[in-house]
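Residue numbers run from 1 in the order of the sequence given. FYI, side chains are in, hydrogens and waters are out, and symmetry mates aren't considered; it's all heavy atoms of this structure. From a predicted model like this one, the values you see are computed outputs, not experimental measurements.
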Amino acid sequence: MAKSAFLAEAKARGFIFQCTDEAALDDLCAGGSIAGYAGFDLTADSLHVGHMIPIMLLRLFQKHGHRPVALMGGGTTRIGDPSFREEARQLLSDAQIATNLVGIRKNIEAFINFGDGPNDAVLVNNADWLDRLSYIELLREVGVHFSVNRMLSFDSVRSRLEREQGLTFLEFNYSILQSYDFRELNRRHNVVLQMGGSDQWGNIVSGVDLVRRTDQASVYGLTTPLITTASGAKMGKSAAGAVWLSADKLSPYHYWQFWRNTEDADVGRFLKLFTDLPLEEIAKLEALGGAEINAAKIILATEATALAHGRAAAEDAAETARKIFAEGAASAGLPSVALPEAELAAGIPAFALFVKAGLAASNGEARRLIRGGGARVNDVTVADEAQIITLQDGAKLSAGKKQHVLVRCTANSALQK
């Protein structure tokens, strides 16, 4: 049993997969406030549900009096993390990385408190030190402590080497830079804990080892399990694409619906990981069976949405869903999309309309939805994927029973949600 409140609750909620020295870290956490970090590369202008585990762990860390550090990968994004990817990431421009940082910071600020207090969060950007780093200096001071044999043994590296795509030398440097980040954060902010997904274990251990070798200091690593649904799907994706945390990329209503559609077997686990509800209350909810499990799903959806978008938006989404499903009525609270009036009046193929409305990620997916009888316009089933839909004043589009969008006519083609 963990002595520190942080590790005790983290274990009870299912956050911990591996730890470099759990007993020593437990003693450190029990002895007072410490600083710990998680890193986020800036590959998009929003995080998605797949990033929620490290965010929620930072939130829990702060809840128990510790200081979370959110590391923005302004420098490492220019290389790209190769961990368990089938191919190299697309290299982004400095301007795009800067734009992405603004969006991701906004995401994280919804979950943890930043400020000047003793356990207020700190946001840092590794470009501040990596962009000024001399390559020769890095090789002499840091590279000497890395064994290529050991790096090749990392699961994340080996999985790429076994594929046709291979691993570029650029990407091979990522582990060294992540380790350098840990040492820099320890020196600048007294960070003694790095938290990350299980795919980061090799990189985290390398950072712990670098700090020990060069600074004779003890730091620790903690990884979280890979989260998949009961059916084996990877978290963070839905039928229509990524489940973004930014409201301008995915409406609070659709975010709420993602959580409402949780599989029965996942409800208790997701309540522990993605909400702040007390464990005693969660135990009662996950014990519900039959149709009653839907009440627990609504609570999960509302609590998870409240964290990302605020309590008011979450309750609005829940009320919109209630009106649609319980009363069978469209609501002004439904997400909407504006499409050009001329295009709608002239007519558009049904499959293309559902893609434009965001109810399908591709033409092929929209065609399958229609063939399966799951597409409706104003509650009337679309019979033919190539059917020309002509709208004068807009309409309600539905994909299955739980995804709905109001299409509005506009004089321009700007997308408005």
Side-chain angles (χ1 to χ4, degrees), residues 44-46 48-50 86-87 90 229 231-263 301 317 320-321 323-325 328-417:
D45 59 0
S46 171
H48 56 68
V49 166
E86 294 185 0
E87 58 186 20
Q90 178 183 359
T229 66
S231 61
K234 187 176 180 180
M235 283 291 291
K237 299 288 185 179
S238 71
V243 183
W244 300 106
L245 300 186
S246 296
D248 57 354
K249 293 177 76 72
L250 185 75
S251 72
Y253 172 80
H254 277 138
Y255 189 80
W256 188 95
Q257 279 295 337
F258 168 79
W259 294 106
R260 172 62 180 81
N261 294 337
T262 295
E263 297 176 40
T320 297
K323 288 181 177 180
I324 293 171
F325 306 134
S331 167
L334 272 180
S336 64
V337 59
L339 297 177
E341 182 178 12
E343 185 176 4
L344 292 175
I348 182 172
F351 71 87
L353 179 60
F354 275 75
V355 173
K356 287 178 177 291
L359 291 173
S362 65
N363 289 342
E365 184 178 297
R367 291 177 188 274
R368 289 190 293 273
L369 174 70
I370 295 169
R371 290 173 196 157
R376 300 186 305 283
V377 177
N378 289 331
D379 299 320
V380 176
T381 300
V382 179
D384 182 357
E385 64 196 62
Q387 176 183 340
I388 300 299
I389 306 294
T390 302
L391 304 174
Q392 298 294 336
D393 302 309
K396 183 180 82 169
L397 306 187
S398 303
K401 296 180 179 179
K402 298 180 179 180
Q403 294 190 70
H404 309 271
V405 169
L406 295 178
V407 174
R408 296 181 287 105
C409 298
T410 181
N412 59 58
S413 59
L415 193 66
Q416 302 169 356
K417 285 194 175 181

Between the main-chain N or O of Y253 and the side-chain N or O of Q257, is there a donor-acceptor pair closer than 3.5 Å?
no

Nearest heavy atoms of G400 and L369, plus distance in Å
N-CD1, 4.4 Å

Interatomic distance, L353 atom CG to I370 atom CD1 [nearest 0.5 angstrom]
8.5 Å

Check whether any side-chain N or O of T381 sits under 3.5 Å from a backbone N or O of G373 as a donor-acceptor pair, and report yes or no.
no

Kindly compute the distance separating OG (S362) from CZ (R368), expressed to the nearest 0.5 Å.
5.5 Å

Output the distance between atom CZ (F351) and atom CZ (R367), rounded to the nearest 0.5 Å.
4.0 Å

Of all heavy-atom pairs linking W256 and A321, the shortest is CZ3-CB, 3.4 Å

Work out which heavy atom in L359 is nearest to a heavy atom in Q403; give both atom names and the distance.
CD2-CB, 3.9 Å

Locate the shortest heavy-atom distance separating A242 from H48; write the atom from each residue and the value.
CB-CB, 4.5 Å

Distance-minimising heavy-atom pair for A357 and V405
O-CG2, 3.9 Å

What heavy-atom pair brings P252 and A317 nearest, and what distance separates the two atoms?
O-CB, 4.0 Å

Gap between atom OG of S46 and atom CG of L250 - 0.5 Å precision
9.0 Å

Restricting to side-chain contact (heavy atoms from CB on, under 4.5 Å), what partner residues turn up for A352, sequence neighbours left out?
I348, P349

If you define the side chain from C-beta out and look only at heavy atoms, does anything of V243 sit under 4.5 Å from W259?
no

Output, in order, the C-alpha distance, side-chain angles, deciding distance and verdict of side-chain contact (heavy atoms from CB on, under 4.5 Å) for Y255 and L245.
CA-CA 8 Å; Y255 189 80; L245 300 186; 3.5 Å; yes

Output the distance between atom NZ (K396) and atom CZ (R376), rounded to the nearest 0.5 Å.
7.0 Å

